[in-house]
Amino acid sequence: MPPELYYLSNFHKGLDWLVERSADLLDDAERAFIERFSGLAQASQALLVRMIMRKGPHFRASKLTYPEIGCPREAAAPLLDSGWLDTRAGLSLAELFEQLRKDELARHLPAARPHGRLKKNELLDLLAAQHPAPRPFTEWCPALDDPLYSLTVGALCERLRLMFFGNLRQDWSEFVLADLGIFRYERVEIGPESRGFRHREDLDTYLAIQCCRDDWEAGQPLQEVLAALRGLDCQNPYLARRRDKVLFRIAQQLERDAELEHALELYGECRYPDARKRRVRVLERLNRPTEAHALALEAQRNPENQAELQLIERALARLDRQLGLGKRVRPVETPVARLDLTLPARGECVELAVARHLSTADAPVHYVENSLVCSLFGLLCWEAIFAPMPGAFFHPFHSGPTDLYSADFRSRRAEVFARCLQRLDDGAYRSHLRQVYAAKQGIQSPFVHWGALDETLLDLALRCIPAAHIKAWCLRLLDDLRANRAGMPDLIQFWPAEGRYRMIEVKGPGDRLQDNQRRWLAFCAEQGMPVEVCYVQWATA
DNA sequence: CGAGCCAGCG
DNA sequence: TTCACACATTCAA
DNA sequence: GAATGTGTGTCTCGCTGGCTCGCT
Ligand SMILES: [Mn+2]
Ligand SMILES: [Mn+2]
């Protein structure tokens with residue numbers, strides 16, 4: 001195939017991949033599409049792929065000029081025969097406005113002529129009421145010799161894309177971007193049985209959840225959306241989580257709208273980890289302290305995560321007081337060192353102001369937030385994160401394993417992780433990290449932020465941070481990757497000559513520690529790591 | 001006519 | 001097409 | 001102090017050309 005048709009060749013690679021691994025997932029229409037597509041003339045195939053990758057679904061022939069395809073009308077003819085393109089699709093006025101330039105609107109829409117000074121969307125608002133019904137493009141503009149092709153297989157192609165990538169946020173341009181080295185992905189052995197969806201129903205359920213979310217965001221009646229969501233059978237835990245996330249979002253909105261009873265019902269229905277703490281809060285707001293208290297106690301005995309526990313403890317303190325129960329003893333927290341600064345207000349953000357103020361030639365300060373610890377973890381455990389576990393990788397464009405945030409992520413890779421962490425005990429980690437840093441440079445990873453980690457920073461970190469500290473961080477991360485990958489202090493300062501460092505969380509006037517920041521600070525303090533909170537006041541001029 | 005936005009592109 | 005963080009507002013002791 | 005709401009920057013690249021809109 002000629003190199004100009006690289007995108008067509010990539011699309012074929014995608015289709016071949018699906019046929020090879022997911023043939024049994026395809027429905028009749030998808031199978032027929034793939035079959036028929038390959039029999040088309042190359043120019044027609046290429047045109048269709050161009051359209052699939054563009055915004056759509058309507059395209060004017062004059063906007064489909066490609067040297068490698070030639071005459072768009074010729075190329076489109078077989079696609080029209082197949083019914084994959086349509087020239088009679090109805091266009092709403094809004095859609096028509098997207099297809100016509102302003103001067104064309106004036107020419108083809110008599111009603112628009114007297115309003116030349118209006119902006120395009122003002123004109124649309126003005127005329128919307130007069131033209132409620134959709135009409136084919138040829139009826140809107142009979143005088144225009146420029147056919148409009150509407151893609152009718154858009155939804156089918158979206159399903160194929162979902163089947164290939166396992167999500168809807170990646171698209172077929174991944175192929176060329178990876179080829180050009182713009183997106184770089186780790187090469188992972190992908191078994192022939194690896195694929196994004198095991199059963200057709202899972203794929204359909206994924207799409208149904210997505211559809212419910214879109215409907216809800218588009219303002220569809222709540223009862224209908226909820227009925228659709230509840231009717232879905234989510235055996236697959238990944239899908240169940242996706243559905244529960246939508247339910248949770250809806251409940252949150254209800255809570256905001258003060259529909260507390262309804263929100264409570266929905267929170268109770270979903271397994272989303274944050275749902276229970278919201279239920280406690282809603283019960284409090286409903287003035288049902290006894291129930292809130294009982295639920296809080298249950299959560300305290302068996303918390304979903306540390307974030308929940310943190311909120312629950314605070315709720316229990318309130319509820320105990322309200323119910324006239326005894327005072328709770330506050331667990332003693334290791335104190336965190338405090339630093340107070342008054343700095344001249346220049347236009348820069350507080351973190352940078354403090355960094356500049358504290359930084360010296362012998363002790364440079366870096367503004368790293370989560371990136372440093374996450375990057376060190378990502379480099380140290382690279383082989384574990386990209387270990388070729390069954391199902392974790394199923395196409396060549398993954399930035400991380402699909403089960404990264406599932407509960408058994410670590411245990412499934414226990415041995416590899418143990419080996420990675422072992423390097424911190426036997427001193428091999430320094431050379432190993434440098435080696436991985438050089439070898440994997442620029443390759444997508446869920447933890448390594450290449451833009452934030454230059455060689456200087458890595459050297460300073462390796463020179464100044466004890467292996468035991470890195471190990472404690474990694475173990476804490478592994479404990480709950482989703483929750484603990486955020487909340488780390490803003491700044492880190494290194495004293496390379498002395499081989500020491502300190503971390504600093506900066507708080508400007510009016511800013512306060514967030515829950516996840518308090519957990520990281522408490523952890524570091526307990527472990528005897530050097531960490532401080534720096535409160536900044538602006539000097540009054 | 002120029003600034004600014006955004007789809008398209010490789 | 002989210003996520004992490006800072007910043008603002010409100011409420012209750 | 002706590003809870004809650006809102007705003008901001010990221011937008012995984014970097015460039016180009018078409019289009020809109022406001023200005024002169
Ligand atoms: Mn910060
Ligand atoms: Mn901060």
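Throughout, a chain's letter reflects where its sequence line sits, starting with A, and its residues are numbered from 1. Heavy atoms only: backbone and side chains are in, while hydrogens, waters and symmetry mates are out.
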Reckon A:Arg314 has a side-chain N or O less than 4.0 Å from the OP1 or OP2 of D:dA3?
yes
Does OP1 or OP2 of D:dC21 have a side-chain N or O of A:Lys102 closer than 4.0 Å?
yes
Look through every strand shown and name the nucleotide pairing with B:dC6 as Watson-Crick or G-U wobble, where both distances are under 3.5 Å.
D:dG17
Can we say A:Glu261 and A:Arg288 salt-bridge, meaning some charged N sits less than 4.0 Å from an Asp/Glu carboxylate O?
yes
Does the side chain of A:Arg318 get closer than 4.0 angstrom to OP1 or OP2 of D:dA3 through an N or O atom?
yes
According to a strict under-4.0 Å criterion, is A:Gln322 in side-chain N/O contact with OP1 or OP2 of C:dA13?
no
Have a look at A:Arg184 and say if it touches a base, only the backbone sugar-phosphate, or nothing, with a 4.0 Å heavy-atom cut-off.
nothing
OP1 or OP2 of D:dA3 versus the side-chain N and O atoms of A:Arg256: is any pair under 4.0 Å?
no
With a 4.0 Å cutoff (strictly under), does any side-chain N or O of A:Lys245 reach OP1 or OP2 of C:dT2?
no
Taking the six-membered ring for Trp, does A:Phe183 stack with D:dT12 (centroid gap under 5.5 Å, planes within less than 30°)?
yes
Is any side-chain N or O of A:Tyr66 closer than 4.0 Å to OP1 or OP2 of B:dC9?
yes
How is A:Tyr6 classified with respect to the nucleic acid when contacts are heavy atoms under 4.0 Å: base, sugar-phosphate, or nothing?
base
Does C:dT2 have its OP1 or OP2 closer than 4.0 Å to a side-chain nitrogen or oxygen of A:Arg249?
no
Is the distance between the ring centroids of A:Trp450 and A:Tyr437 under 6.0 Å?
yes
Pair A:His58 + A:Tyr149: ring centers closer than 6.0 Å
no
Touch class at under 4.0 angstrom, heavy-atom based, for A:Gln514 against every strand present
base
Give a yes/no answer on whether the side chain of A:Arg285 brings an N or O atom under 4.0 Å of OP1 or OP2 in C:dA12.
no
Any side-chain heavy atom of A:Leu109 within less than 4.5 Å of one from A:Leu127?
yes
Is any side-chain N or O of A:Asn370 closer than 4.0 Å to OP1 or OP2 of C:dC3?
no
Distance under 6.0 Å and angle within 45° of the ring axis: does A:Arg276 meet both against A:Tyr267?
no
Rounded distance in Å - CG (A:Leu513) to C1' (C:dC5)
12 Å
How many Å lie between CG on A:Asp257 and P on D:dT4, as a whole number?
15 Å
